[in-house]
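When reading the values below, keep in mind they use all heavy atoms of this one structure, side chains included, and skip hydrogens, waters and symmetry mates. Here is the naming used below: chain letters follow the sequence lines, and residue numbers restart at 1 for every chain.
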Amino acid sequence: MRLYDTARRAVVPFQPRDNRVGMYVCGITPYDAAHMGHAFAYHVFDVIARRLILLDVDVHHVRNITDVDDDILRVARERNADYRTVGDAQVQRFDRDMADIGLLPVDAAPRATMHVAEMVRWIARLHEEGYAYEQAGWVFFDTAKFPRYGRLSGLDVATMTALSRERGADPDDPRKHNPLDFVLWQQSAAGEPSWPSPWSDGRPGWHIECSVLSTGELGHPIDLHGGGDDLIYPHHDSEIAQAEAIGVAPYVTHWVHVAMVRHQGEKMSKSLRNLVFVRDVLERVPGPTVRILLAAHHYRESWTYDEDELREADERRQRYHVAMQSDATLDSDDAQDYERQFLERLDDDLDTPGALRIIDLAAAALTHGAVRSRGGPVKAEEVLGRLLDTIGARAARRSESVGPAA
RNA sequence: GGCGACGUAGCCAAGUGGUAAGGCAGAGGUCUGCAAAACCUUCAUCGUGGGUUCGAUUCCCACCGUCGCCUCCA
């Protein structure tokens with residue numbers, strides 16, 4: 001299987017070592033419902049996992065949960081609730097949404113709050129080795145000590161600095177030695193949850209959890225680490241820095257990033273309030289339709305969610321359904337041929353749109369009932385079922401696969 | 001500034017190392033009292049400039065243009 005690697009900037013063979021793959025995907029902060037951007041990202045890694053499993057690879061799929069950060073604390077405050085209550089409820093909703101669009105359960109979903117002690121140890125080590133400094137209870141990573149900082153994103157320090165100034169970020173925080181230094185540990189404000197540490201009763205910065213959770217579950221190097229492409233900088237660049245600085249290197253062998261989903265002309269994001277929630281889409285179409293819609297887009301190309309495409313995806317799902325319900329069969333030779341082409345598309349940098357086109361052909365052949373007998377018949381249900389299963393778009397139940405979109 | 005994607009007829013869009021599917025629109029026609037519908041016909045040298053090749057839209061390089069992302073973020 002060939003996949004684009006962000007670090008090498010090329011489509012390269014993805015080589016599992018020992019037939020085992022540790023895959024770590026940056027998960028959600030559970031304070032709001034999952035939107036189509038989340039669905040797209042996690043769908044992509046689900047397809048990768050399914051394809052690897054088909055190749056007989058033992059996949060260990062880990063997706064973390066950032067259950068303490070500014071956003072979730074803010075929401076908890078607004079609702080006058082405990083942040084853990086907010087988090088638990090959102091995690092449940094998230095799991096349900098993902099299950100309903102047919103994502104395989106991940107093998108581990110570690111939560112940041114369960115591993116703060118390890119984070120403290122990690123930060124302490126960075127501090128001891130001179131990669132971090134303390135300022136009144138806060139600890140910052142010293143990017144000047146790590147010259148490779150920013151290499152994943154391809155940004156050099158000067159550009160990053162200039163950019164952050166332009167964006168009105170906070171590079172001028174007087175506590176920072178360098179504008180790009182990032183928070184490893186922060187002192188908790190009154191009323192915020194806190195954990196003991198040598199520097200203050202506080203809580204971890206955003207980036208540290210992923211280095212700790214990923215290597216905690218998978219060791220290193222991580223075979224495949226991914227997430228949305230908005231995480232490349234600063235999140236993943238910072239992960240690399242804090243890991244490789246203390247010898248957890250190489251940290252990751254293959255980076256996979258998924259493009260952004262847009263809506264109404266802009267990136268779907270919380271701050272723009274242009275979210276399309278997975279649940280709302282599922283109210284109108286079955287899970288497989290959502291998967292077909294997502295699979296119709298290549299993971300490295302950003303796309304715009306729109307209703308026409310949702311309708312087309314549902315029509316496609318219905319065509320597949322009709323083909324699968326038919327009595328038609330294909331010769332085993334032809335069936336194998338479709339499957340081979342389908343997998344070839346997937347193995348070529350996860351070309352799911354191309355793979356869908358192969359399913360279209362197979363479905364058309366079945367509905368047109370072209371049956372020849374050469375090598376024995378293969379049932380429609382079996383041919384299409386296997387292909388659809390690989391992209392998570394096989395109807396779970398018969399009742400789920402009938403009826404038009406609302 | 002960096003990274004990425006894309007640039008095929010008026011629009012949408014498939015595709016391949018050997019002289020470009022399809023759909024919509026348009027034009028002409030058949031049919032019709034007129035029109036509509038239907039049907040038939042017609043409509044592109046594939047962003048620009050180089051290179052590789054017997055031959056490139058398809059491979060490589062440069063350039064131009066469009067778009068997306070870049071310390072809340074999947």
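- Comparing the same atom, C1', in B/A35 and in B/G15 gives a spacing of 39 Å after rounding to whole Å.
- A/His207 meets the ring-ring contact (aromatic ring centres under 6.0 Å, His included) test with A/Phe182, A/His235; sequence neighbours excluded.
- The phosphate of B/G4 (OP1 or OP2) has no side-chain N or O of A/Arg300 nearer than 4.0 angstrom.
- Of the C1' atoms belonging to B/U32 and B/G18, the separation is 47 Å, rounded to the nearest Å.
- Distance, A/Met260 CE to B/G68 P: 14 Å, rounded to whole Å.
- In this structure, of B/C3, B/A74, B/G2, it is B/A74 that holds the atom nearest to the side chain of A/Tyr42.
- Under 3.5 Å, the side chains of A/Asp201 and A/Ser188 contain no donor-acceptor pair of N or O atoms.
- If you check B/C69, B/A74, B/G68 against the side chain of A/Asp229, the one that comes closest is B/C69.
- Distance NE2 (A/His38) to C1' (B/C72): 11 Å, rounded to an integer number of Å.
- A pairwise comparison of heavy atoms in A/Arg125 and A/Ile246 identifies NH2-O, 3.1 Å as the closest pair.
- In terms of position along RNA chain B, the nucleotide closest to A/Ser153 lies nearer the 5' end than the nucleotide closest to the other residue of the pair A/Ser153 and A/His35.
- Judged by closest nucleotide on RNA chain B, A/Thr6 is the one of A/Thr6 and A/Met36 placed further toward the 5' end.
- Here A/His236 pairs with A/His225, A/Trp255, A/His257 under the ring-ring contact (aromatic ring centres under 6.0 Å, His included) rule; sequence neighbours left out.
- One interatomic measurement links the two molecules: CE of A/Met160 to P of B/C3, which rounds to 13 Å at whole-angstrom precision.
- Taking a pair to require two hydrogen-bonding distances under 3.5 Å in either a Watson-Crick or a G-U wobble arrangement, B/A20 remains unpaired.
- For B/G68 and B/A21, the C1' atoms lie 29 Å apart once the distance is rounded to whole Å.
- Looking only at distances, no side-chain donor or acceptor of A/Asp97 sits under 3.5 Å from a matching main-chain atom of A/Val278.
- Distance check on atom C1': B/C11 versus B/U19 gives 26 Å, rounded to whole Å.
- Following rounding to the nearest Å, A/Trp303 (CH2) and B/A74 (C1') show an atom-to-atom distance of 12 Å.
- When each of B/A74, B/G1, B/C69 is scored by its nearest atom to the side-chain atoms of A/Thr159, the top-ranked nucleotide is B/G1.
- For A/Tyr233 and B/A74, the OH to P distance is 18 Å, given to the nearest whole Å.
- Looking only at atom types and distance, the side chain of A/Thr159 has a donor-acceptor partner in the side chain of A/Asp156 under 3.5 Å away.
- Nearest approach of A/Cys26 to A/Tyr42, heavy atoms of both residues: O-OH, 2.9 Å.
- Ring planes of A/Tyr305 and A/Trp303: tilted class, angle from 30 to 60°.
- The residue A/Asp71 sits close only to the backbone: its heavy atoms come under 4.0 Å of sugar-phosphate atoms, none of a base.
- Distance CD (A/Glu301) to C1' (B/G4): 10 Å, rounded to an integer number of Å.
- When Watson-Crick and G-U wobble pairs are counted only if both distances are under 3.5 Å, B/U30 pairs with B/A38.
- Within 4.0 Å (heavy atoms only), A/His235 reaches no atom of the nucleic acid at all.
- Pairing for B/C67 is with B/G4, a Watson-Crick or G-U wobble pair whose two hydrogen-bonding atom distances lie under 3.5 Å.
- Comparing B/C24 with B/G2, their P atoms are spaced 44 Å from each other, to the whole Å.
- Here A/Gly226 lies out of heavy-atom contact (under 4.0 Å) with every strand.
- B/C12 and B/C64 have their P atoms separated by 24 Å, with the value rounded to a whole Å.
- Searching all strands for a Watson-Crick or G-U wobble partner of B/A62 with both distances below 3.5 Å returns B/U48.
- Between B/U53 and B/U58, the two C1' atoms lie 13 Å apart (nearest whole Å).
- Summarising the base pairing, B/G55 is matched to no nucleotide, lacking a Watson-Crick or G-U wobble pair whose two defining distances lie under 3.5 Å.
- Within the nucleic acid shown, A/Gly37 comes within 4.0 Å of at least one base atom, counting heavy atoms only.
- Considering only side-chain atoms of A/Arg9, the nucleotide from B/G1, B/A5, B/G4 that sits closest is B/G4.
- Residue contacts for A/Leu231: at a heavy-atom cut-off of 4.0 Å it reaches the sugar-phosphate backbone alone, with no base atom in range.
- Within 6.0 Å of the CZ atom in A/Arg279, the count of heavy atoms belonging to other residues, nucleotides or ligands exceeds 12.
- Straight-line distance from the CG atom of A/Asp237 to the C1' atom of B/C3: 11 Å, rounded to whole Å.
- Nucleic acid contact class of A/Val261 (heavy atoms, under 4.0 Å, all strands): base.
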Pairwise N/O distances under 3.5 Å, protein to nucleotides 13-15 of chain B:
unit_1 : atom_1 : unit_2   : atom_2 : d
B/G15  : OP1    : A/Arg357 : NH1    : 2.6

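- B/C72 makes up no base pair with any nucleotide shown, lacking Watson-Crick or G-U wobble contacts both under 3.5 Å.
- When rounded to the nearest whole Å, the span between CG of A/Asp156 and P of B/G1 equals 12 Å.
- Aromatic rings of A/His35 and A/Phe277 (six-membered ring for Trp) have centroids beyond the 6.0 Å cut-off, not under it.
- Taking atom P in both B/A25 and B/C39, one finds a spacing of 12 Å when rounded to whole Å.
- Using a 4.0 Å heavy-atom distance criterion, A/Tyr4 is classed as a sugar-phosphate-only contact.
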